[in-house]
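Worksheet: the structure to be examined is printed underneath.
In this chain, residues are counted from 1 in sequence order. Model, not experiment: these values are computed from the prediction.
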Amino acid sequence: MGTGIGQLKAEASIRLVMKGIEDYLTDPSVMTVISEIVIVVLEQDIHEKYQRFFQNYKTNYPHFSAFGKIIELIKGDITHQAVDCILNLTNSSLNQSCGVSGAILTAAGDKVKEECQKHGSLSSDGVAITSGGTLESKRIMHIIGPTRVPDYGPSIDRILQESHKNGFTSLALPAIGTGMAGVDVEASIKAILSSILNYLSDTLIPSLETILIIVIQEPIYKKYLEVFQAKSKELQALQREEKIVSAVLHGVKFNYPQKWTDISRNDFQEIILKDTSEEYKDVKDKFFQTASTSKFQITEIKRIQNVPLWQSFTINKQTVNRKNPGYKNIKHLYHGTHSGAIGNINRNGFNRVYCGENGTAYGSGTYFAVESQYSCDDRYSRLDANGKKYIYQAAVITGQYCVGKRTYKEAPHIDGDPNKGRYDSVVDDIGNPKIFVVFHDDVAYPEYLITFKKQ
C-alpha cells in the first residue's frame, strides 16, 4: 500500500500497515472474526524489503506506538536508513571528522561537505539542514548535541520542531550523547525516550509518523534495548487501560499521563510518591533547578489523578493543537497556593474566581511561573500553621501568547484581527517570559502538589 503513486518507501509502507493492523487487533473493544491477514506484493524489490522487515519483526522488533507515532529501536548503521531525515551531532564548524558524525559526512559525500562549509558557523542552539547527498536519507539535520542529561529535552524539542517545519514523515536519531559527550548509556536512552514522549504528549506534529533510534555498538544497543522494552511494556499497559476507558466513553480517546495507575477503577486519586522513585526524583530535580536547596526542603510530592479534569483539559489541548500545529502548546509551570485552596484545586482545578489574591498585573486570569523559585515567595505559597508551603507543578496550555495588561479580562485578538481568533495566554515578557496568565479554567491541570518547608 502506498508504494506506487503514493511514493512511500517500502520500509515506511510496511511499518504503517503493521501499525494499523496492531492498533485494530489490540483494541479490547474490537471483537473480530478475522483469523488470517495476507499481504500481497507484486514488485520483487518491494517484496524483498517487506520480507526483510518481517524477519526482524517476527524475531526481535523493539517498537511501540505513542501519540499516533511509531518509535523504533534499530541495531544498525544510521547512514543506511531510508528516512526523510537523519540527525548528525556535529561541532560549530559542521566538519566533525570522528565518531558517527564523521561516518555520516564520509558516507554522504562531498556535496554535503560543501553545503556544510557554505552554511558557516553553527550556534549552540542552531540547526542546519542539508541534502542527504549519496545517503538513502533525503535530508541531514545538523545540531550541536547535548552533553548533559538536562539538555536532552530542549535538544529533542528543537529536533522535532524542525521536523514539523520541514514536513518530515520519518526521522532517525543516533545514540545521543554516548560518544565523545560521555553520557551514561542508560541515562541517555531514558532521556531520549522521556524527551520524545513529553514533546509528543504536548505538541501535534501532523507529518511525522516514525522516529527511529539507531545504535551500531552492541554493548550500547543491549542497554538501550533493556530500557526500551521496559518503557514499551509500561506504555502498552497504559494504552490498554486507556482503550478500556475509551470504549466505555463511547470511543472518545484520551491519552492519560504515562505514570497514572488504576485509571479504569478510580476517577480521583492523590498518590504520594515514594522518595526513591524516578518520578519523585524528576519532579524534585526540576523544582530545584531554580529553587535553592539551602533554603527549602521538600517533604512530600503527590501526583493528582483526576480523570474528569484531565479529560476536560485534553479536549482544550486538542483544540489548541489543531489551531497551532507544530507549536509547543503545553508548558509545565508552577503555581504557589495556600493550604485552604488545595482540596478545591485537586478536585476542580484552577479557578479564575480567586484571581487577584496576589495581583493582576497582566490581566484577570490564573498566574503560573516558569521558575519554581518565583512561586516559593511567601506571597504565593503561604506558610500554614505547621510551617509547610505548597506549590503545584501544572501542565498549562500556553499556545500562542502576547504581553499582558492589567485591564485584560481575556487574551486579546491575534494581531488585533478578530478573524484570527485570540491568543491562548499572555506573559510578562515576550522575549523571555517568566510569568504566564491563562483566562479559562480548564486549560491548566495540577500534575503534582509539592509540599515543602524552609530550611
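- Here the CD1 atom belonging to I70 is positioned 5.0 Å from the CG atom belonging to L16, to the nearest 0.5 angstrom.
- The distance from the CG atom of L122 to the CD1 atom of I144 is 4.5 Å, given to the nearest 0.5 Å.
- We find that E278 and K281 are not joined by a salt bridge, their nearest charged nitrogen and carboxylate oxygen being 4.0 Å or further apart.
- Side-chain contact of Q269 with D262: a donor-acceptor pair under 3.5 Å is absent, judged by distance alone.
- Taking OG1 of T366 as the start and CG of L333 as the end, the distance is 12.0 Å to the nearest 0.5 Å.
- Counting only N and O atoms by type, the side chains of E115 and H142 include no donor and acceptor under 3.5 Å apart.
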(message) Would V307 and Y256 count as a side chain to side chain contact (heavy atoms under 4.5 Å, CB included) here? Give the steps.
(response) CA-CA 8 Å; V307 171; Y256 295 95; 3.6 Å; yes

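- Side-chain contact between Y448 and E279 is present, with heavy atoms from C-beta onward closer than 4.5 Å.
- Ring geometry for Y445 against F313 counts as tilted: the plane angle lies between 30° and 60°, on a 0 to 90° scale.
- Under the 3.5 Å distance criterion, with hydrogens and angles disregarded, no donor-acceptor pair is assigned to the side chains of E300 and Y280.
- Taking the six-membered ring where the residue is Trp, F287 and Y334 present perpendicular rings, their angle passing 60° and hence far from 30°.
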(request) Could you walk me through whether T290 and S372 pass side chain to side chain donor-acceptor pair (under 3.5 Å), step by step? (result) CA-CA 6 Å; T290 57; S372 60; 2.9 Å; yes

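- Salt-bridge check for E209 with K19: failed, with every basic side-chain N at 4.0 Å or more from each acidic carboxylate O.
- Considering only heavy atoms from C-beta on, I192 comes within 4.5 Å of Y224 through its side chain.
- Within the model, atoms CD1 of I140 and CG of N88 stand 6.5 Å from one another, a figure rounded to the nearest 0.5 Å.
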(message) Run the side chain to side chain donor-acceptor pair (under 3.5 Å) test on K323 and Q400 for me, step by step, so that the C-alpha distance in whole Å, both residues' side-chain angles and the decisive distance to 0.1 Å come before the verdict.
(response) CA-CA 10 Å; K323 176 185 159 191; Q400 295 190 61; over 6 Å; no

(request) Go through T398 and F368 one step at a time and tell me if the side chain to side chain contact (heavy atoms under 4.5 Å, CB included) criterion holds. (result) CA-CA 10 Å; T398 54; F368 296 90; over 6 Å; no

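- Contact annotation: the side chain of I397 never approaches that of V438 to less than 4.5 Å [non-hydrogen atoms, C-beta and beyond].
- Using a 30° and 60° split on the angle between ring planes, Y392 and H335 fall in the tilted class, from 30° to 60°.
- Q81 contributes a side-chain N or O that, together with a main-chain N or O of D77, makes up a donor-acceptor pair within less than 3.5 Å.
- In summary, the side chains of N321 and N329 do present a donor paired with an acceptor at a separation below 3.5 Å, with no hydrogens or angles considered.
- Salt bridge absent: K111 and E114 never bring a charged side-chain N and a carboxylate O closer than 4.0 Å.
- Counting heavy atoms from C-beta on, the side chains of L208 and L160 come closer than 4.5 Å.
- With no hydrogens or angles considered, a side-chain donor-acceptor pair links N95 and N91 at under 3.5 Å.
- Taken from CG in D84 to CG in L171, the straight-line distance is 9.0 Å, to the nearest 0.5 Å.
- R303 has its side chain within reach of L273: a pair of non-hydrogen atoms, C-beta onward, lies under 4.5 Å apart.
- E447 CD to H332 NE2: the interatomic distance, rounded to the nearest 0.5 Å, is 5.0 Å.
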(request) Show your working on side chain to side chain contact (heavy atoms under 4.5 Å, CB included) between L87 and I176 and close with a plain yes or no. (result) CA-CA 10 Å; L87 178 70; I176 297 172; 4.1 Å; yes

